[in-house]
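One structure below.
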Amino acid sequence: MKSYSPIILLLLLAGCATQPHAERVVSEVPSRKIPPRELATIRTAEVVKAYPVGRYTDPNFPDVMHERHTVYRRERASNWNFQPSPPYALPLGPMVANSLTASTDFRKSLSEQADAQGKADAEMLREQNTELTDKIQSLQGIDAEAAKLRSEIESLKQQLRDQDERPAPSAPEPAAELDDFPLSDAPNVWPRRQSLQSS
């Protein structure tokens, strides 16, 4: 029996030998779950805050009191992340191109826009400055005219005061009225007038 034991042992070992496994091919499927570390580059995370609330009476139902608990509130919802991603290689057949080749052009156009906006703002400020200086000069002219009118008014007031301070001239004696003269002393003018009118 001893001579058979190594043979049996060899047969058992030969039967337990592993067969070579077929290599698994992993293929990309159209939809896949994005890993959490890559998710931040695509969508911003929502912000949720917890607020501890003490006892309070329900405003809609005054007979109901709520016990102390925590209220969770979504402060900001998640949204798409529009920040540019780092450049990556784009396979274009036999060539490979950078994904952000136009970024310098984009930066140039942004700087050109900023320069144009700055020039437009400077021109607008210049126009406003000229308008303001014109208004200030017109107001200064009005102020000078007002000062001139004030001085004229003061001189006229002074003339009125001087006239009020002068002694009033003595009134001439009233002329004698016609009734005081006797008719006999009056010249005989009436007949002469009639003679002149008749001729």
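Residue numbers count from 1 along this sequence.
Partners of Ala50 under the side chain to side chain contact (heavy atoms under 4.5 Å, CB included) rule, at least two apart in sequence or in another chain, are Thr70, Tyr72. With sequence neighbours left out, Thr57 forms a side chain to side chain contact (heavy atoms under 4.5 Å, CB included) with no residue at all. Checked against salt bridge (charged side-chain N to carboxylate O under 4.0 Å, His left out), Glu75 has the following partners two or more places apart in sequence or in another chain: Arg73. Checked against salt bridge (charged side-chain N to carboxylate O under 4.0 Å, His left out), Arg55 has the following partners two or more places apart in sequence or in another chain: Glu67. Residues meeting the side chain to side chain donor-acceptor pair (under 3.5 Å) test with Gln117, sequence neighbours left out: Asp121. Partners of Phe82 according to the side chain to side chain contact (heavy atoms under 4.5 Å, CB included) rule, which considers only residues two or more places apart in sequence or in another chain, are Trp80. The ring pair (Phe, Tyr, Trp, His ring centres under 6.0 Å) search around His69 returns none, not counting sequence neighbours. Annotation: salt bridge (charged side-chain N to carboxylate O under 4.0 Å, His left out) contacts of Arg161 (sequence neighbours excluded): none. By the side chain to side chain contact (heavy atoms under 4.5 Å, CB included) test, Asn60 is found to be paired with Asp58, residues two or more places apart in sequence or in another chain being considered.
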Listing, residues 142-157 side-chain donor-acceptor contacts under 3.5 Å, not counting sequence neighbours, or none:
unit_1, atom_1, unit_2, atom_2, d
Ser151, OG, Lys148, O, 2.6
Ser155, OG, Glu152, O, 2.7

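The neighbour count for Phe61 CZ, taken as heavy atoms of other residues, nucleotides or ligands under 6.0 Å away, does not exceed 12.
Under the salt bridge (charged side-chain N to carboxylate O under 4.0 Å, His left out) criterion, the residue pairs touching residues 123-138 are Glu123-Arg126, with sequence neighbours excluded. For residues 36-46, the side-chain hydrogen bond (donor to acceptor under 3.5 Å, both in side chains) pairs, not counting sequence neighbours, are Arg43-Ser78.
Val71 and Val53 get closest at one heavy-atom pair: CG2-CG2, 3.5 Å.
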